[in-house]
Number of protein chains: 2
Amino acid sequence: MNIGQASDASGVSAKMIRYYEQIGLIRPAGRTDTNYRSFSERDLNDLRFIKRGRALGFSIEEITNLLSLWRDRTRPSREVKAIADGHVADLRTRIAEMQAMADTLSALSECCAGDERPDCPILSDLAAGPRPVAPTSAESRRLRAPRRPS
Amino acid sequence: MNIGQASDASGVSAKMIRYYEQIGLIRPAGRTDTNYRSFSERDLNDLRFIKRGRALGFSIEEITNLLSLWRDRTRPSREVKAIADGHVADLRTRIAEMQAMADTLSALSECCAGDERPDCPILSDLAAGPRPVAPTSAESRRLRAPRRPS
DNA sequence: GCTAAGACTTCCCATCATGGGAAGGTCAAG
DNA sequence: CTTGACCTTCCCATGATGGGAAGTCTTAGC
(Lines give C-alpha, C1' and ligand atoms only; values in the text may rest on other atoms or scores of the structure.)
Protein backbone atom coordinates (compact mmCIF):
# COMPACT_ATOMS: atom_id res chain seq x y z
CA MET A 1 0.00 0.00 0.00
CA ASN A 2 1.60 3.21 -1.13
CA ILE A 3 1.24 6.65 0.38
CA GLY A 4 -1.69 7.68 -1.80
CA GLN A 5 -3.71 4.66 -0.79
CA ALA A 6 -2.75 5.12 2.84
CA SER A 7 -3.86 8.70 2.58
CA ASP A 8 -7.23 7.75 1.10
CA ALA A 9 -7.73 5.01 3.65
CA SER A 10 -6.83 7.17 6.64
CA GLY A 11 -7.94 10.62 5.62
CA VAL A 12 -4.48 11.98 6.36
CA SER A 13 -2.89 13.81 3.43
CA ALA A 14 0.28 12.38 1.91
CA LYS A 15 2.07 15.55 2.90
CA MET A 16 1.10 15.06 6.49
CA ILE A 17 2.01 11.38 6.49
CA ARG A 18 5.52 12.28 5.39
CA TYR A 19 5.63 15.03 8.00
CA TYR A 20 4.49 12.70 10.79
CA GLU A 21 7.19 10.27 9.78
CA GLN A 22 9.78 13.02 9.70
CA ILE A 23 9.02 14.26 13.20
CA GLY A 24 8.93 10.73 14.54
CA LEU A 25 5.23 10.60 15.32
CA ILE A 26 4.92 7.41 13.28
CA ARG A 27 7.55 4.79 12.57
CA PRO A 28 9.31 5.18 9.23
CA ALA A 29 7.25 3.34 6.65
CA GLY A 30 8.78 0.44 4.79
CA ARG A 31 10.19 1.07 1.34
CA THR A 32 9.82 -0.74 -1.94
CA ASP A 33 12.92 -1.39 -4.01
CA THR A 34 12.10 1.80 -5.90
CA ASN A 35 11.99 3.82 -2.72
CA TYR A 36 8.21 4.13 -2.50
CA ARG A 37 6.82 4.08 1.00
CA SER A 38 4.87 0.96 1.87
CA PHE A 39 2.23 0.94 4.58
CA SER A 40 0.91 -1.96 6.61
CA GLU A 41 -2.46 -2.36 8.28
CA ARG A 42 -0.81 -1.41 11.52
CA ASP A 43 0.54 1.78 10.02
CA LEU A 44 -2.97 2.55 8.84
CA ASN A 45 -4.36 2.10 12.31
CA ASP A 46 -1.83 4.55 13.63
CA LEU A 47 -2.77 7.06 10.98
CA ARG A 48 -6.46 6.71 11.76
CA PHE A 49 -5.72 7.13 15.44
CA ILE A 50 -3.84 10.32 14.70
CA LYS A 51 -6.57 11.56 12.43
CA ARG A 52 -9.19 11.13 15.13
CA GLY A 53 -6.96 12.71 17.71
CA ARG A 54 -6.49 15.77 15.54
CA ALA A 55 -10.23 15.96 14.92
CA LEU A 56 -10.68 16.20 18.68
CA GLY A 57 -8.19 19.03 18.76
CA PHE A 58 -5.28 17.25 20.41
CA SER A 59 -1.88 18.67 19.53
CA ILE A 60 0.76 16.53 17.91
CA GLU A 61 2.57 16.40 21.22
CA GLU A 62 -0.50 15.11 23.03
CA ILE A 63 -1.12 12.58 20.31
CA THR A 64 2.46 11.39 20.66
CA ASN A 65 1.74 10.64 24.29
CA LEU A 66 -1.66 9.11 23.58
CA LEU A 67 -0.14 6.88 20.92
CA SER A 68 2.48 5.53 23.26
CA LEU A 69 -0.12 4.90 25.94
CA TRP A 70 -2.27 3.16 23.37
CA ARG A 71 0.57 0.83 22.50
CA ASP A 72 1.33 0.14 26.12
CA ARG A 73 -1.07 -2.54 27.24
CA THR A 74 -0.18 -1.92 30.88
CA ARG A 75 -0.94 1.80 30.85
CA PRO A 76 -2.91 3.24 33.74
CA SER A 77 -6.08 4.83 32.38
CA ARG A 78 -5.34 7.64 34.80
CA GLU A 79 -2.68 8.94 32.44
CA VAL A 80 -4.95 8.92 29.44
CA LYS A 81 -7.64 10.66 31.37
CA ALA A 82 -5.22 13.33 32.55
CA ILE A 83 -4.29 14.20 29.00
CA ALA A 84 -7.90 14.32 27.89
CA ASP A 85 -9.01 16.38 30.86
CA GLY A 86 -6.17 18.82 30.39
CA HIS A 87 -7.19 19.27 26.80
CA VAL A 88 -10.83 19.74 27.71
CA ALA A 89 -9.86 22.41 30.23
CA ASP A 90 -7.80 24.13 27.57
CA LEU A 91 -10.69 24.02 25.14
CA ARG A 92 -13.13 25.39 27.67
CA THR A 93 -10.81 28.27 28.55
CA ARG A 94 -10.45 29.22 24.95
CA ILE A 95 -14.13 28.83 24.30
CA ALA A 96 -14.87 31.23 27.14
CA GLU A 97 -12.41 33.76 25.77
CA MET A 98 -13.84 33.60 22.30
CA GLN A 99 -17.34 33.73 23.68
CA ALA A 100 -16.49 36.93 25.50
CA MET A 101 -15.10 38.44 22.33
CA ALA A 102 -18.14 37.41 20.33
CA ASP A 103 -20.53 38.75 22.94
CA THR A 104 -18.77 42.09 23.20
CA LEU A 105 -18.64 42.47 19.47
CA SER A 106 -22.19 41.49 18.75
CA ALA A 107 -23.41 43.91 21.41
CA LEU A 108 -21.48 46.67 19.67
CA SER A 109 -22.69 45.56 16.29
CA GLU A 110 -26.29 45.69 17.41
CA CYS A 111 -25.80 49.34 18.28
CA CYS A 112 -24.33 50.08 14.85
CA ALA A 113 -26.76 51.36 12.27
CA GLY A 114 -24.83 49.71 9.48
CA ASP A 115 -25.86 52.23 6.87
CA GLU A 116 -24.20 55.04 4.95
CA ARG A 117 -23.63 57.19 7.99
CA PRO A 118 -20.14 57.23 9.49
CA ASP A 119 -21.13 57.03 13.16
CA CYS A 120 -20.17 53.66 14.50
CA PRO A 121 -20.01 52.41 18.07
CA ILE A 122 -17.69 49.63 17.00
CA LEU A 123 -15.01 52.07 15.91
CA SER A 124 -15.69 54.26 18.93
CA ASP A 125 -15.09 51.32 21.17
CA LEU A 126 -11.87 50.39 19.45
CA ALA A 127 -10.71 53.97 19.56
CA ALA A 128 -11.73 54.94 23.06
CA GLY A 129 -11.67 51.45 24.40
CA PRO A 130 -13.82 51.74 27.48
CA ARG A 131 -12.85 48.16 28.00
CA PRO A 132 -11.62 48.82 31.54
CA VAL A 133 -12.45 45.29 32.61
CA ALA A 134 -10.07 43.05 34.40
CA PRO A 135 -6.91 42.18 32.47
CA THR A 136 -8.39 39.73 30.01
CA SER A 137 -7.14 36.28 30.88
CA ALA A 138 -6.35 36.11 27.22
CA GLU A 139 -3.56 38.58 27.69
CA SER A 140 -1.46 36.17 29.64
CA ARG A 141 -1.09 33.83 26.71
CA ARG A 142 -0.27 34.14 23.10
CA LEU A 143 -3.25 35.76 21.47
CA ARG A 144 -4.24 33.89 18.38
CA ALA A 145 -6.09 35.79 15.74
CA PRO A 146 -9.22 33.81 15.11
CA ARG A 147 -8.74 33.67 11.42
CA ARG A 148 -10.84 32.17 8.73
CA PRO A 149 -8.28 30.11 6.79
CA SER A 150 -9.63 31.49 3.54
CA MET B 1 8.70 59.15 22.98
CA ASN B 2 10.83 56.12 22.19
CA ILE B 3 9.68 52.61 21.50
CA GLY B 4 9.90 51.44 25.10
CA GLN B 5 7.66 54.24 26.30
CA ALA B 6 5.27 53.70 23.42
CA SER B 7 5.15 50.04 24.34
CA ASP B 8 4.38 50.79 27.98
CA ALA B 9 1.75 53.35 27.04
CA SER B 10 0.00 51.13 24.52
CA GLY B 11 0.49 47.65 25.86
CA VAL B 12 1.98 46.55 22.54
CA SER B 13 5.43 44.99 22.84
CA ALA B 14 8.36 46.75 21.19
CA LYS B 15 8.85 43.68 19.03
CA MET B 16 5.31 43.93 17.77
CA ILE B 17 5.51 47.65 17.16
CA ARG B 18 8.50 47.10 14.89
CA TYR B 19 6.66 44.26 13.20
CA TYR B 20 3.53 46.35 12.62
CA GLU B 21 5.68 49.04 11.10
CA GLN B 22 7.47 46.52 8.91
CA ILE B 23 4.29 45.06 7.47
CA GLY B 24 2.83 48.51 6.93
CA LEU B 25 0.07 48.30 9.50
CA ILE B 26 1.29 51.53 11.07
CA ARG B 27 3.14 54.38 9.44
CA PRO B 28 6.91 54.31 9.90
CA ALA B 29 7.68 56.10 13.14
CA GLY B 30 9.83 59.20 13.04
CA ARG B 31 13.52 58.85 13.86
CA THR B 32 15.85 60.76 16.11
CA ASP B 33 19.25 61.75 14.80
CA THR B 34 20.60 58.60 16.40
CA ASN B 35 18.09 56.41 14.60
CA TYR B 36 15.80 55.79 17.53
CA ARG B 37 12.11 55.59 16.66
CA SER B 38 10.03 58.50 17.90
CA PHE B 39 6.30 58.16 18.50
CA SER B 40 3.65 60.87 18.53
CA GLU B 41 0.31 60.90 20.35
CA ARG B 42 -1.31 59.94 17.10
CA ASP B 43 0.96 56.93 16.74
CA LEU B 44 0.00 55.94 20.25
CA ASN B 45 -3.67 56.12 19.43
CA ASP B 46 -3.10 53.82 16.49
CA LEU B 47 -1.26 51.37 18.67
CA ARG B 48 -4.03 51.39 21.25
CA PHE B 49 -6.59 50.85 18.51
CA ILE B 50 -4.63 47.86 17.27
CA LYS B 51 -4.22 46.51 20.76
CA ARG B 52 -7.96 46.57 21.36
CA GLY B 53 -8.68 45.07 17.99
CA ARG B 54 -6.36 42.18 18.73
CA ALA B 55 -7.96 41.69 22.12
CA LEU B 56 -11.26 41.23 20.32
CA GLY B 57 -9.66 38.64 18.10
CA PHE B 58 -9.50 40.59 14.86
CA SER B 59 -6.73 39.50 12.53
CA ILE B 60 -4.08 41.93 11.41
CA GLU B 61 -5.75 42.06 8.03
CA GLU B 62 -9.09 42.99 9.54
CA ILE B 63 -7.44 45.58 11.70
CA THR B 64 -5.80 47.06 8.65
CA ASN B 65 -9.24 47.58 7.19
CA LEU B 66 -10.73 48.84 10.43
CA LEU B 67 -7.89 51.32 10.82
CA SER B 68 -8.43 52.78 7.40
CA LEU B 69 -12.16 53.05 8.02
CA TRP B 70 -11.43 54.70 11.31
CA ARG B 71 -9.30 57.33 9.61
CA ASP B 72 -11.89 57.91 6.93
CA ARG B 73 -14.43 60.32 8.37
CA THR B 74 -16.84 59.61 5.52
CA ARG B 75 -16.91 55.84 6.00
CA PRO B 76 -20.26 54.10 5.84
CA SER B 77 -20.82 52.30 9.15
CA ARG B 78 -22.13 49.45 7.04
CA GLU B 79 -18.56 48.51 6.16
CA VAL B 80 -17.41 48.46 9.75
CA LYS B 81 -20.39 46.41 10.75
CA ALA B 82 -19.73 43.92 7.97
CA ILE B 83 -16.20 43.30 9.23
CA ALA B 84 -17.37 42.92 12.80
CA ASP B 85 -20.25 40.63 11.91
CA GLY B 86 -18.01 38.48 9.75
CA HIS B 87 -15.62 38.11 12.62
CA VAL B 88 -18.39 37.26 15.04
CA ALA B 89 -19.67 34.58 12.67
CA ASP B 90 -16.19 33.16 12.44
CA LEU B 91 -15.85 33.13 16.20
CA ARG B 92 -19.19 31.43 16.66
CA THR B 93 -18.32 28.74 14.14
CA ARG B 94 -15.09 27.99 15.89
CA ILE B 95 -16.70 28.08 19.28
CA ALA B 96 -19.21 25.49 18.12
CA GLU B 97 -16.47 23.25 16.80
CA MET B 98 -14.47 23.45 19.97
CA GLN B 99 -17.58 22.96 22.03
CA ALA B 100 -18.30 19.75 20.14
CA MET B 101 -14.78 18.53 20.77
CA ALA B 102 -14.99 19.37 24.44
CA ASP B 103 -18.36 17.70 24.83
CA THR B 104 -17.27 14.52 23.09
CA LEU B 105 -14.11 14.34 25.12
CA SER B 106 -15.64 15.03 28.47
CA ALA B 107 -18.30 12.40 27.82
CA LEU B 108 -15.54 9.91 27.13
CA SER B 109 -13.56 11.06 30.10
CA GLU B 110 -16.52 10.55 32.39
CA CYS B 111 -16.61 6.93 31.31
CA CYS B 112 -12.93 6.48 32.06
CA ALA B 113 -12.10 5.11 35.47
CA GLY B 114 -8.86 7.06 35.58
CA ASP B 115 -7.12 4.57 37.81
CA GLU B 116 -4.32 2.01 37.44
CA ARG B 117 -6.30 -0.22 35.10
CA PRO B 118 -5.52 -0.02 31.39
CA ASP B 119 -9.08 -0.07 30.10
CA CYS B 120 -9.94 3.30 28.69
CA PRO B 121 -12.89 4.39 26.57
CA ILE B 122 -10.93 7.42 25.42
CA LEU B 123 -8.30 5.27 23.76
CA SER B 124 -10.96 2.91 22.46
CA ASP B 125 -12.70 5.78 20.83
CA LEU B 126 -9.53 7.09 19.25
CA ALA B 127 -8.65 3.60 18.05
CA ALA B 128 -12.01 2.43 16.81
CA GLY B 129 -13.35 5.86 16.15
CA PRO B 130 -17.07 5.22 16.05
CA ARG B 131 -17.25 8.84 15.13
CA PRO B 132 -19.41 8.18 12.08
CA VAL B 133 -21.05 11.57 12.28
CA ALA B 134 -21.32 13.93 9.38
CA PRO B 135 -18.01 15.19 7.99
CA THR B 136 -17.12 17.62 10.73
CA SER B 137 -17.38 21.11 9.33
CA ALA B 138 -13.96 21.50 10.84
CA GLU B 139 -12.54 19.23 8.23
CA SER B 140 -13.11 21.71 5.48
CA ARG B 141 -10.70 24.16 6.95
CA ARG B 142 -7.29 24.09 8.38
CA LEU B 143 -7.54 22.28 11.66
CA ARG B 144 -5.75 24.14 14.35
CA ALA B 145 -4.53 22.22 17.31
CA PRO B 146 -5.93 24.03 20.29
CA ARG B 147 -2.68 24.41 22.05
CA ARG B 148 -1.83 26.12 25.26
CA PRO B 149 1.15 28.28 24.34
CA SER B 150 2.97 27.09 27.43
C1' DG C 1 35.02 62.69 31.86
C1' DC C 2 34.60 57.60 32.37
C1' DT C 3 32.16 53.53 33.09
C1' DA C 4 28.43 50.35 33.60
C1' DA C 5 23.76 49.31 33.00
C1' DG C 6 20.11 49.49 30.30
C1' DA C 7 17.55 50.55 26.12
C1' DC C 8 17.80 51.00 21.40
C1' DT C 9 18.99 49.20 16.46
C1' DT C 10 18.90 45.36 12.82
C1' DC C 11 18.99 40.59 11.61
C1' DC C 12 18.07 35.79 12.00
C1' DC C 13 15.63 31.87 14.01
C1' DA C 14 11.69 29.25 16.15
C1' DT C 15 6.96 28.26 16.80
C1' DC C 16 2.64 24.84 14.95
C1' DA C 17 0.44 22.12 11.45
C1' DT C 18 -0.37 22.51 7.01
C1' DG C 19 -0.20 23.30 1.98
C1' DG C 20 2.15 24.68 -2.59
C1' DG C 21 5.20 23.72 -5.95
C1' DA C 22 9.52 22.40 -8.48
C1' DA C 23 12.59 18.83 -10.26
C1' DG C 24 13.14 14.31 -11.10
C1' DG C 25 12.12 9.09 -10.76
C1' DT C 26 8.37 5.28 -11.37
C1' DC C 27 4.35 2.77 -12.74
C1' DA C 28 0.42 1.25 -15.48
C1' DA C 29 -2.62 1.55 -19.32
C1' DG C 30 -2.99 2.25 -24.10
C1' DC D 1 7.07 3.46 -25.93
C1' DT D 2 4.46 7.21 -24.61
C1' DT D 3 1.53 9.57 -21.56
C1' DG D 4 -0.42 10.75 -17.40
C1' DA D 5 -0.74 9.83 -12.75
C1' DC D 6 1.74 8.75 -9.19
C1' DC D 7 5.91 8.82 -6.10
C1' DT D 8 10.40 10.99 -4.15
C1' DT D 9 13.01 14.96 -1.84
C1' DC D 10 13.68 19.79 -1.04
C1' DC D 11 12.47 24.48 -0.25
C1' DC D 12 9.11 28.05 0.85
C1' DA D 13 4.90 30.24 2.96
C1' DT D 14 1.48 30.84 6.41
C1' DG D 15 0.22 34.33 11.29
C1' DA D 16 1.49 36.61 15.17
C1' DT D 17 4.64 36.36 18.39
C1' DG D 18 8.92 35.73 21.14
C1' DG D 19 14.12 34.82 21.78
C1' DG D 20 18.52 36.20 21.21
C1' DA D 21 22.97 38.00 19.15
C1' DA D 22 25.87 41.84 17.90
C1' DG D 23 26.45 46.41 17.79
C1' DT D 24 25.15 51.49 18.98
C1' DC D 25 23.31 54.94 22.18
C1' DT D 26 21.84 57.11 26.58
C1' DT D 27 21.84 57.96 31.21
C1' DA D 28 23.08 57.76 35.98
C1' DG D 29 26.66 57.45 39.26
C1' DC D 30 31.28 58.25 40.44
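Numbered from 1 within each chain, the chains take letters A, B, ... in sequence-line order.
Taking 4.5 Å as the limit, every side-chain heavy atom of B:R37 sits out of range of all side-chain heavy atoms of B:M1. Contact of the B:K51 side chain with the B:S10 side chain is not registered, since no non-hydrogen atoms from C-beta on lie closer than 4.5 Å.
Atom P of nucleotide D:dA5 and atom CG of A:N2 are separated by 16 Å, given to the nearest angstrom. As a whole-Å value, the separation of A:E21 CD from C:dT18 P is 16 Å. Remark: P of C:dC16 and CZ of A:R94 are 14 Å apart, rounded to the nearest angstrom. Atom CD of B:E61 and atom P of D:dT14 are 12 Å apart (whole Å). Atom C1' of nucleotide C:dA17 and atom CD of A:Q22 are separated by 12 Å, given to the nearest angstrom. Separating the OH atom of A:Y36 from the P atom of D:dC6 is a distance of 11 Å, rounded to the nearest angstrom. Nucleotide D:dA13 holds its C1' atom 11 Å from the NZ atom of A:K15, rounded to whole Å. The distance from atom CG of B:L25 to atom P of D:dG15 is 13 Å, rounded to the nearest whole Å.
Remark: B:R73 CZ is loosely packed, at most 12 non-hydrogen atoms of other residues, nucleotides or ligands lying under 6.0 Å away. Within a 6.0 Å radius of CZ in B:R71, more than 12 heavy atoms belonging to other residues, nucleotides or ligands are found.
Note on A:N35: every side-chain N or O is 4.0 Å or more away from OP1 and OP2 of D:dT8. Taking only side-chain nitrogens and oxygens, A:R31 comes nearer than 4.0 Å to OP1 or OP2 of D:dT9. At the phosphate of D:dC7, neither OP1 nor OP2 sits under 4.0 Å from any side-chain N or O atom of A:R37.
The side chain of A:R54 sits closest to C:dA17 out of C:dT9, C:dA17, C:dC27. When distances run from any side-chain atom of B:S59 to the nucleotides C:dA17, C:dT10, D:dA16, the shortest one goes to D:dA16. Here the nucleotide nearest the side chain of A:M16, chosen from C:dT9, D:dA16, C:dA17, is C:dA17.
Mapping A:T34 and A:Y20 onto DNA chain C by nearest heavy atom places A:Y20 closer to the 5' end of the strand.
Residue A:A84 comes nearest to B:I122 through the heavy atom pair CB-CD1, 3.8 Å, listed as atom of the first residue, atom of the second, then distance.
Residue contacts for B:R18: at a heavy-atom cut-off of 4.0 Å it reaches a base atom on one of the strands shown.
Remark: the B:Y19 side chain and the D:dG18 base include no donor-acceptor N/O pair separated by less than 3.5 Å.
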